[in-house]
Protein chains: 2
Amino acid sequence: MSDVQARTVGDIRSRYESFDAGNCPVRDVLGQLGDKWSTLIIGLLGERTHRFGELRRSIPDISQRMLTQTLKDLQRDGLVDRTVFATVPPSVEYKLTPLGRSLLSPLGILIEWAEMHHGAIRLARQAYESGEG
Amino acid sequence: MSDVQARTVGDIRSRYESFDAGNCPVRDVLGQLGDKWSTLIIGLLGERTHRFGELRRSIPDISQRMLTQTLKDLQRDGLVDRTVFATVPPSVEYKLTPLGRSLLSPLGILIEWAEMHHGAIRLARQAYESGEG
DNA sequence: CAGAATCCTGCCTGATACTG
DNA sequence: CAGTATCAGGCAGGATTCTG
């Protein structure tokens, strides 16, 4: 692990400085993943194919506008596949593309880190507030 | 890898739904990492300790305000350690805490994914624009 | 059912000026 | 050098209404 970490430490720096803001792959990816709903939708679609209404019910506090827009962005980036069925009433299915599925593993690792250290982060926040906040 | 992926797929879903928005560790972490500058600063501090002015020069397009604020947030979350030296003129050093260093590996993995698939994402965007954008 | 269009608001962010 | 304070703009995101 120390080997992996030592390598990635340098990589983070070098990969940022080789690209301006517009073409930086890190910003391109984290900019999208960092928004409010993308990772949640990717997680749901990683589980199985969902219809639009299923996604909306699974994420009670998302607005219709944001669900539509986030799905469109993910589709645009080639992470999500959208299939329309010409039924009455119409139905639309969303699923991950192979590219989208390949993101599940790195994303899962980050989520594991988040859950593992969430308690420590919350404690640090409390300590900060009572001390100098 | 199929084992890791299969496990994380379910995890993403379950870890989201067990927490409301305020306590969800995924949103807590990605909300911070997803901002414009956090990952860049973490990458720089993963390389070595930096002074305030060094960080500012290393990130030419960050405003003083955002650098201060991002550093404060990272310090608040226990990822970054801030040390003031009572010299004239004053100097302040920033470095990663052990918690912050533990984030370098998962973050590096995500960055590797980003760089590896950045080309595919850009191609998907071009295809989307010319097709239905 | 699955969206598109519109309006509105808050916060993120940058620019500028000032301080210890 | 390392910040803080203040102001201004733009965009993310929500609520509502309308359509095929």
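Naming: A, B, ... by sequence-line order, numbering from 1 per chain.
Summarising the geometry of B:Leu45 relative to B:Tyr94, their closest heavy-atom pair is CD2-O, 3.4 Å, with the distance given to 0.1 Å. Closest of all the heavy-atom pairs between B:Thr97 and B:Val80 is CG2-C, 3.7 Å. Nearest approach of B:Glu54 to B:Thr49, heavy atoms of both residues: OE1-O, 4.1 Å.
No donor-acceptor pair closer than 3.5 Å links the side chain of A:Arg76 to the backbone N or O of B:Tyr128. Side-chain atoms of B:Ser130 come within 3.5 Å of backbone N or O of B:Ala127 as a donor-acceptor pair. With A:His50 contributing its side chain and A:Arg48 its backbone, the two residues share a donor-acceptor pair below 3.5 Å.
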TODO: Decide yes or no on side chain to side chain contact (heavy atoms under 4.5 Å, CB included) for B:Ile59 and B:Ile41, but give the supporting numbers first.
DONE: CA-CA 9 Å; B:Ile59 315 173; B:Ile41 292 175; 3.9 Å; yes
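Nucleotide C:dA4 holds its P atom 13 Å from the CZ atom of A:Arg56, rounded to whole Å. Taking atom CG of B:Leu67 as the reference point, atom C1' of D:dC1 lies 13 Å away to the nearest angstrom. Atom CD in B:Glu93 sits roughly 13 Å away from atom C1' in D:dC1 (whole-Å rounding). Atom P of nucleotide D:dA12 and atom NZ of B:Lys36 are separated by 11 Å, given to the nearest angstrom. Atom CD1 in A:Ile41 sits roughly 13 Å away from atom C1' in D:dG13 (whole-Å rounding). The nearest whole Å value for the distance from the CD atom in A:Gln69 to the P atom in C:dG3 is 14 Å. To the nearest angstrom, P of D:dA12 lies 15 Å from CD1 of A:Ile62. For the pair B:Glu54 CD and D:dG3 P, the interatomic distance rounds to 13 Å; values are reported in whole Å.
At the phosphate of D:dG3, OP1 or OP2 sits under 4.0 Å from a side-chain N or O atom of B:Tyr94. Residue A:Lys72 places at least one side-chain N or O closer than 4.0 Å to OP1 or OP2 of C:dA4.
Residue contacts for B:Phe85: at a heavy-atom cut-off of 4.0 Å it reaches no nucleic acid atom on any strand shown.
Counted by atom type alone, B:Gln32 and B:Ser38 present one or more donor-acceptor pairs between their side chains at under 3.5 Å.
Minimum atom distance to the side chain of B:Arg65 is reached by C:dT13, of the listed C:dT13, D:dG3, D:dG13. Among D:dC1, D:dG3, D:dG14, the nucleotide with an atom closest to any side-chain atom of B:Pro89 is D:dC1. Each of C:dC1, C:dG14, D:dA2 was ranked by its minimum atom distance to the side chain of A:Arg51; first place goes to C:dC1. In the set D:dG13, C:dA2, D:dG3, the nucleotide with an atom closest to the side chain of A:Phe52 is C:dA2. Taking every side-chain heavy atom of A:Pro90 into account, C:dC1 is the closest of C:dC1, C:dG3, D:dG3. Distance from the side chain of A:Ser91 is smallest for C:dA2 among the nucleotides C:dA2, D:dG3, C:dA4. Nearest nucleotide to the A:Asp35 side chain, out of C:dT13, D:dG13, C:dA2: D:dG13. Distance from the side chain of B:Thr68 is smallest for D:dT4 among the nucleotides C:dG3, C:dG14, D:dT4.
The C1' atoms of five pairs define one axis at each end of the helix from C:dC1-D:dG20 to C:dG20-D:dC1, and these two axes lie 40° apart (to 10°).
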